Amino acid sequence: MVGLSLGEKHFIQGGIAQDLRSDGRKRLTYRPIYVETGVIPQANGSARVRLGATDVIASVKAELGKPHPLQPDKGKVAIYVDCSPTAAPIFEGRGGEELSMELSVALQRCLLGGKSGAGYFHTEKSAGISLSSLVVVEGKICWDLYIDGLVVSSDGNLLDALGAAIKAALSNTGIPRVNVAAGASGDEEPEVDVSDEEFLQFDTSGVPVIITLTKVGRHYIVDATTEEESQMSSAVSISVNRQGHICGLTKRGGAGVDPSIILDMISVAKHVSEQLLNQLDSEIAAAEARENES
């Protein structure tokens, strides 16, 4: 992180207090978002998202696997993030590894409701990524989704950008149609035929966006830049889907947050999420149209 002078710190904090940030945005305004889909041909789905100078890529690979014995009616999703050492000076060496781990865990909490996908928030009603839609034969065959995120360039708000890229990559994902041969008895493994031509679109209507509220001084802001993040006391990330359900919540930064403020943050996140979802959906649609033309 570039060292800020005392004057610069006061300028950033003072601007936020007056609802006019260094780049001219209001406290609850996102930077322009740009989406590109189908950027990795080998993946089942992929997308690139740019938020200002923050640039991330997400890819989805689907493989047939076996459901977990405790959750026979659900598929499995693994999310892993890698931070390119060139994305920011802090990512070189161990710094990048620690951040990769922190982002991977936060994305799992926000998109799957806890590490196991069976956390506190994960009822089907408010589910992020629907795991039950990934089952082919209950207890025997399911789809395993491997979601990889890559941070190409960092200027703050990585979690929200990665969440948006994953949502865009999932909407770009085609899962092959699987035909199961009839007649396999109880314990036998059913025979399956995976289609090369027929693909099912992944349903992303319940997949949330992540809204990170970063507290600077007495106020909180969305889509903080790296400079603004350096002045934060804490940040709370709340994932909200199109239905207004809270799918997950995660916090970082040393300072505690009063419970009454959390409720206010959730209502702000719900309000902001509508605008972000609309913007993201129209960007994804435009990106898909461009991809189909080419």
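What you see is a predicted model; the values in this text were computed from it and never measured.
- Note on I57: it does not cluster hydrophobically with L99, by side-chain heavy-atom contacts below 4.5 Å among ILVMFWY residues.
- In terms of modelled atom types and a separation under 3.5 Å, the side chain of S237 and the main chain of T212 share no donor-acceptor contact.
- Under the 4.5 Å side-chain contact rule for hydrophobic residues, L159 and L28 share a cluster.
- When all heavy atoms of R25 and T225 are compared, the pair lying nearest together is NH2-CG2, 3.7 Å.
- Considering only heavy atoms from C-beta on, Y220 comes within 4.5 Å of I261 through its side chain.
- The main-chain N or O of S130 is found under 3.5 Å from a side-chain atom of S133 such that the two form a donor-acceptor pair.
- The shortest side-chain heavy-atom distance between E227 and L4 falls under the 4.5 Å cut-off.
- In this structure, K76 contributes its side chain and K66 its backbone to a donor-acceptor pair below 3.5 Å.
- The closest side-chain heavy-atom distance from V192 to I141 is below 4.5 Å.
- Looking at D223 and L51, their side chains come closer than 4.5 Å, going by heavy atoms from C-beta outward.
- Side chain of S171 to main chain of T204: no donor-acceptor pair is present (N/O by atom type, distance under 3.5 Å, no hydrogens or angles).
- Between the side chain of K251 and the backbone N or O of S234 there is no donor-acceptor pair closer than 3.5 Å.
- Using a cut-off of 4.0 Å between Lys/Arg side-chain N and Asp/Glu carboxylate O, R31 and D23 are scored as not salt-bridged.
- Counting only heavy atoms from C-beta outward, the side chains of Y30 and D160 approach each other to under 4.5 Å.
- Note on I33: it does not cluster hydrophobically with V39, by side-chain heavy-atom contacts below 4.5 Å among ILVMFWY residues.
- With hydrogens and angles disregarded, a donor-acceptor distance shorter than 3.5 Å links the side chain of S239 to the backbone of G248.
- With D155 contributing its side chain and T226 its backbone, the two residues share a donor-acceptor pair below 3.5 Å.
- Taking a cutoff of 4.0 Å between a charged side-chain nitrogen and a carboxylate oxygen, R252 and E229 qualify as a salt bridge.
- The hydrophobic clustering, which links ILVMFWY residues whose side-chain heavy atoms are closer than 4.5 Å, places Y146 and I40 apart.
- Judged by distance alone, the side chain of E8 and the main-chain N or O of S5 form a donor-acceptor pair under 3.5 Å.
- For the atom pair CD (E98) and CE (M101), the distance works out to 11.5 Å, reported to the nearest 0.5 Å.
- Within the 4.5 Å cutoff, no side-chain heavy atoms of V178 are placed close to those of D193.
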>> Determine whether Y80 and I147 satisfy the following criterion, side chain to side chain contact (heavy atoms under 4.5 Å, CB included), listing intermediate values before the conclusion.
In response: CA-CA 6 Å; Y80 179 72; I147 300 176; over 6 Å; no

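- In this structure, S153 contributes its side chain and T54 its backbone to no donor-acceptor pair below 3.5 Å.
- Applying the salt bridge (charged side-chain N to carboxylate O under 4.0 Å, His left out) definition to pairs two or more places apart or across chains, those involving residues 275-294 are R242-D281.
- In terms of modelled atom types and a separation under 3.5 Å, the side chain of H245 and the main chain of C247 share no donor-acceptor contact.
- Taking 4.5 Å as the limit, every side-chain heavy atom of W143 sits out of range of all side-chain heavy atoms of V77.
- Side-chain contact between L200 and P176: absent, with no pair of heavy atoms (C-beta onward) separated by less than 4.5 Å.
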